[in-house]
Amino acid sequence: MRQLEIENELRDVVSRIINQVDLSTKQGRLDINLSLEDALIPILKAAYNLPNLINLNRRQKNFPGIDLGDDHDRVAFQVTATTSLEKVKKTLTHFVDKQFYNTFDELYVLMLTNKQASYSQSAIDAITNGAFDFSTKNHIIDLGDILAKVSGLRIPAQERVLNDFKIILGDIKAYLDFNAEGNLQSHTLTSNLITVTPPETVYVAELLLNEASILEQAREHLNFRKNSCSRQSLVKMALLLNGSGTDDWVVFENRIFTFEDINNSSIRHIVDVGTIEVLESRDLSESEIDDNINIFKLLLNNHVRETVKPHKIVYDRREKFFFFKPHNPDDEGRKEDWVGKKKSTRRVYEKVMSKREPTRLAHHVHLSFELSFTSIAQQWYALVVPSWLYTYDGNRKSRFHEDLLSKQKRLEFNQSVRNIVRFLAYYLRSINNPITKVSPNNSASTPALDSPANEVEFFGELLEITCEEKLVEGEQVGAEFDEELALED
């Protein structure tokens, strides 16, 4: 009698679960499986005799492709509310790409609603390619299949499973209530705009250069081999010959512009000191003349070049982007700590060895980023665009760069890019060069030594906006979680 009661209750509860999941799926809430992964573990443990089954996302955040696994009995499960063949193919593609068949002999795709009547075995075989066995009849399962297995258990075990199914039904109700209209979650929209506070003063002076003499000295001391060079290069060499490697300057029409006080810098050796002028930055930044705006933006960019230089971040003048280098040439990799919601670590450089010849270096991978500047409503921002650079010697672009970058970009999803932007904003802010800000009551053109002043940071906060509207829904959430693992340390 009790056996019959349990079976009736199991059918009732499971049918209600399927109905609730089906309705929520039709409402576009495909991520309902995320809330049920833990609740399904005791049921699957009992039904498939897998005492060591765990939620893989607990062991490793955002485990890619599969949700539950027992690496002792070598069985894994992907739990999904989607019943399409494409979902199965996507799961198997992850499984094969990550070579999880080396850890798990069997993979089950557990569908929380009624699975389709049939699935194409040939389409599945094209993906597995003999790497492991996956039968569409045996390894694509739904809650009905679980129920059939549970019916073979002893009554006390069936009672425990029945209780677990009731918990799942309660979890679904809680999930639906939480996502009900009128109970919208807040979301943070992350831009790639970092607030910046430019120096208030710009120094300008006429250049005083003897080109022939500089070229001659450059050939002797700087290994320079050409007979001529650009004005930019000539100034750079003149500074190097005077013992300065600073890049915090811009040349325009035989005048040099810089945020450095020329009177107290090595730049004074290459200018006519009688022509030194002190301008307010806004004379350039708020000018209606395009050349002045461009000079100011270049000054901001070159100020950053000088700021990041001690931190082994290099600016590639030809490609116009920054990239991370190792702290020491022999380093195999480089990681940087940062704090988002929690303290974590991000890899910014790595030597990659050849898969065919493990002793041979294949290429170097560098986190890179473009930086440009814009003013919005009288506030200056740095626009940061993250990317990757692949080099063959740690400096020069690999001939396989485009292919490797394209492959990397295919792995990146919104959450991955967002985290890289947040990391770069954090890192740039952490290496700020303090900027002296003069009191508004004192003219910036005549900064007296006893002027009230305070120090501010060049890089400020990343612009993020919190909104109450629910903008991210459905399976995309789970997809991003899965894919992000490939990039996060």
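Counting from 1, the numbers follow the sequence of the chain as shown. Since this is a predicted model, take the numbers as computed values, not measurements.
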Distance check, rounded to the nearest 0.5 Å: [X] atom [atom1] versus [Y] atom [atom2]?
X	Y	atom1	atom2	result
Ile214	Cys229	CD1	SG	8.0 Å
Asp261	Thr201	CG	OG1	9.0 Å
Leu56	Ile54	CG	CD1	5.5 Å
Asp105	Asp71	CG	CG	11.5 Å
Glu260	Thr246	CD	OG1	4.0 Å
Arg74	Thr103	CZ	OG1	6.5 Å

Taking all non-hydrogen atoms of both residues into account, name the closest pair between [X] and [Y] and its distance.
X	Y	answer
Leu424	Phe324	CD2-CE1, 3.9 Å
Tyr390	His401	N-ND1, 3.2 Å
Asn192	Val421	CA-CG1, 4.0 Å
Leu383	Phe373	CD1-C, 4.3 Å
Thr91	Val109	CG2-CG2, 4.3 Å
Ser191	Leu193	OG-N, 3.1 Å

[X] vs [Y] side-chain heavy atoms within contact, under 4.5 Å:
X	Y	value
Gln378	Arg282	no
Leu367	Phe423	yes
Phe100	Ile66	yes
Leu240	His221	no
Val308	Leu428	yes
Leu68	Leu50	no
Asn227	Leu215	no
Leu207	Val251	yes

Cationic N near anionic O, under 4.0 Å, Glu216 to Arg219: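 Between Arg219 and Glu216 there is no salt bridge, as every charged N stays at least 4.0 Å from the carboxylate O atoms.
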Ring-ring centroid check His363 Phe400, cutoff 6.0 Å: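 Ring centres of Phe400 and His363 not closer than 6.0 Å.
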Check: Tyr427 ring centre within less than 6.0 Å of Phe369 ring centre: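 Not close enough - the centres of the two rings lie 6.0 Å or further apart.
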Option among Val384, Thr195, Val196 that satisfies the side-chain contact (heavy atoms from CB on, under 4.5 Å) test with Phe459: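 Only one of Val384, Thr195, Val196 forms a side-chain contact (heavy atoms from CB on, under 4.5 Å) with Phe459, namely Val196.
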Using only atom types and a distance under 3.5 Å, with no angle test, would you say the side chain of [X] pairs donor to acceptor with the backbone of [Y]?
X	Y	answer
Asp73	Val75	no
Gln408	Asp403	no
Asp316	Arg318	yes
Asn302	Trp249	yes
Lys309	Gly245	yes
Asn328	Asp331	no
Ser387	Ser368	no
Thr307	His303	yes
Arg429	Glu461	no
Asn242	Ala238	yes

Stepwise side chain to side chain contact (heavy atoms under 4.5 Å, CB included) test for Leu462 and Tyr426: CA-CA 8 Å; Leu462 180 67; Tyr426 176 90; over 6 Å; no
Check against side chain to side chain contact (heavy atoms under 4.5 Å, CB included), Tyr349 and His364: CA-CA 7 Å; Tyr349 164 79; His364 303 248; 2.7 Å; yes
Does a sphere of radius 6.0 Å around [atom1] in [X] hold more than 12 heavy atoms from other residues, nucleotides or ligands, not counting ones at 6.0 Å or beyond?
X	atom1	value
Asp133	CG	no
Arg360	CZ	yes
Lys312	NZ	no

No-hydrogen, no-angle side-chain donor-acceptor test under 3.5 Å, Ser281 and Glu200: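 Side-chain D/A pair, Ser281 to Glu200: absent.
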Test item: side-chain donor near acceptor, Trp380 and Thr197, under 3.5 Å: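 No.
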Plane angle bin for Phe95 and Phe132 - parallel if under 30°, tilted between 30 and 60°, otherwise perpendicular: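 Geometry flag for Phe95 against Phe132: tilted rings.
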Geometric class of the His366/Phe323 ring pair [parallel <30°, tilted 30-60°, perpendicular >60°]: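 The rings of Phe323 and His366 stand perpendicular, inter-plane angle above 60°.
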Worked check of ring pair (Phe, Tyr, Trp, His ring centres under 6.0 Å) between Tyr108 and His139: CA-CA 5 Å; Tyr108 290 93; His139 294 107; 5.1 Å; yes
Worked check of side chain to side chain contact (heavy atoms under 4.5 Å, CB included) between Glu464 and Arg418: CA-CA 11 Å; Glu464 294 186 292; Arg418 174 175 176 263; 3.8 Å; yes
Stepwise side chain to side chain contact (heavy atoms under 4.5 Å, CB included) test for Asp247 and Glu306: CA-CA 6 Å; Asp247 289 308; Glu306 195 62 24; 3.7 Å; yes
